[in-house]
Amino acid sequence: MLQTINIRTQKRTELVDITAEVAEAVKRSGVQSGLCHLFLPHTTAALVINENADPSVAIDIAESLDRLIPWDFDYRHQEGNAAAHIKSSLLGNSLTIFVEEGKLLLGRWQGVFLCEFDGGRARKVVVKVVEG
Amino acid sequence: MLQTINIRTQKRTELVDITAEVAEAVKRSGVQSGLCHLFLPHTTAALVINENADPSVAIDIAESLDRLIPWDFDYRHQEGNAAAHIKSSLLGNSLTIFVEEGKLLLGRWQGVFLCEFDGGRARKVVVKVVEG
Amino acid sequence: MLQTINIRTQKRTELVDITAEVAEAVKRSGVQSGLCHLFLPHTTAALVINENADPSVAIDIAESLDRLIPWDFDYRHQEGNAAAHIKSSLLGNSLTIFVEEGKLLLGRWQGVFLCEFDGGRARKVVVKVVEG
């Protein structure tokens with residue numbers, strides 16, 4: 001069964017913590033032991049797992065990507081958002097997380113983030129939780 | 001059942017759109033709802049999902065990686081292709097895509113690319129489509 | 001069935017080849033054909049597949065990441081290890097590898113590495129091998 005998490009981003013660049021929404025999707029699935037697959041059907045955003053305890057970590061990730069892949073540059077793509085496509089490619093758009101005892105098996109400091117690189121926009125994450 | 005997609009790359013660096021070949025593998029599998037796993041058994045290439053509508057996006061991705069990881073540099077690996085190994089590590093060599101109604105569940109602008117960083121070469125992508 | 005691979009890293013930055021440990025987990029699982037999922041429950045380390053024949057490749061990967069994401073910089077995160085979080089996000093913390101005939105289906109030059117970016121520490125990799 002597919003589920004969809006809808007997120008409305010606000011800024012051009014921001015990491016949105018969606019851990020609670022993913023945990024809720026796992027709960028709704030009823031799966032006790034298996035895998036939670038996440039897929040982002042967008043080309044200017046990404047999914048990443050990292051620390052969500054100190055929010056400054058997410059900002060450091062976003063700002064470092066901005067330094068490596070500057071927004072303003074002589075890119076070939078003429079829509080003005082080439083940097084967002086490149087950052088999306090570097091971080092990736094899918095994740096697989098283990099499920100045990102009906103819960104996401106994340107490390108103590110880990111959260112799941114939608115990384116917006118060309119917002120604000122309406123984004124969605126598709127979730128499939130399977131037994132196994 | 002494993003399937004193999006064979007690709008002959010032409011240039012040292014190029015992103016080859018393999019979306020049609022992956023879609024064909026899903027069709028051949030007969031799976032209606034499940035997961036399509038892709039694995040690239042190479043260390044100087046990568047797999048990535050990004051925009052395939054405007055081909056300049058793929059070129060921007062390749063050129064940005066070239067700026068970050070220059071081909072000519074004082075690397076330790078003496079075979080001359082260290083940059084290709086590093087780019088491969090940054091983008092990764094596996095993908096998981098959802099399958100619904102017998103088709104890849106990709107976003108409107110998404111395509112699947114083999115990223116060649118040390119071509120031209122004969123490359124292969126291994127595909128496993130599973131129900132679930 | 002979940003399995004855990006325990007690794008004790010020694011240096012602040014190092015890539016530890018865990019291919020043999022992952023292969024052993026596949027063997028213990030008894031799965032002949034399926035998927036081996038690896039998940040790293042840490043936010044300052046990563047998992048990557050690349051060449052393990054010449055150890056200098058792993059060093060080039062680590063040193064290139066150090067050039068792109070310097071350890072000393074005016075980061076917001078005040079624990080001193082922001083660079084490790086950023087590198088972890090770039091490489092990712094999960095892998096999916098095919099299993100055939102009871103063995104990992106890796107390419108000839110591929111090995112699996114735990115990438116330590118804030119060591120030495122006790123790290124663990126969680127492994128789930130499923131039929132399919």
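Keep in mind it's a predicted model, so treat the numbers as computed, not measured. Throughout, protein chains are lettered first and strands after them, A, B, ... in sequence-line order, and every chain is numbered starting at 1.
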OG1 of A:Thr43 to CD1 of B:Ile49: how many Å apart, nearest 0.5 Å? 11.0 Å
With the side chain counted from C-beta on, respond yes when [X] and [Y] share a heavy-atom pair under 4.5 Å apart, and no when they do not.
{"X": "B:Arg108", "Y": "A:His42", "answer": "no"}
{"X": "A:Gln78", "Y": "B:Asp54", "answer": "no"}
{"X": "A:Phe39", "Y": "B:Leu105", "answer": "no"}
{"X": "B:Ser64", "Y": "A:Phe73", "answer": "no"}

Could you tell me which portion of [X] (side chain, backbone, both or neither) has an atom closer than 4.5 angstrom to a non-hydrogen atom of chain B?
{"X": "A:Leu90", "result": "both"}
{"X": "A:Leu40", "result": "backbone"}
{"X": "A:Leu35", "result": "neither"}
{"X": "A:His85", "result": "both"}
{"X": "A:Val129", "result": "neither"}
{"X": "A:Ser89", "result": "both"}

Quick check for you: among A:Lys87, A:Met1, A:Lys128, which has the greatest number of heavy-atom pairs under 4.5 Å with chain B? A:Lys128
Around atom [atom1] of [X], are there more than 12 heavy atoms from other residues, nucleotides or ligands closer than 6.0 Å?
{"X": "A:Arg76", "atom1": "CZ", "result": "no"}
{"X": "B:Trp109", "atom1": "CH2", "result": "no"}
{"X": "A:Asn6", "atom1": "CG", "result": "yes"}

Pick whichever of B:Leu106, B:Val48, B:Ile61 has the most heavy-atom pairs under 4.5 Å with chain A. B:Ile61
Evaluate A:Thr44 against B:Asn50 for side chain to side chain contact (heavy atoms under 4.5 Å, CB included), listing each step before the verdict. CA-CA 8 Å; A:Thr44 54; B:Asn50 212 280; over 6 Å; no
Which bit of B:Asp60 comes within less than 4.5 Å of chain A, counting heavy atoms only: side chain, backbone, both or neither? both
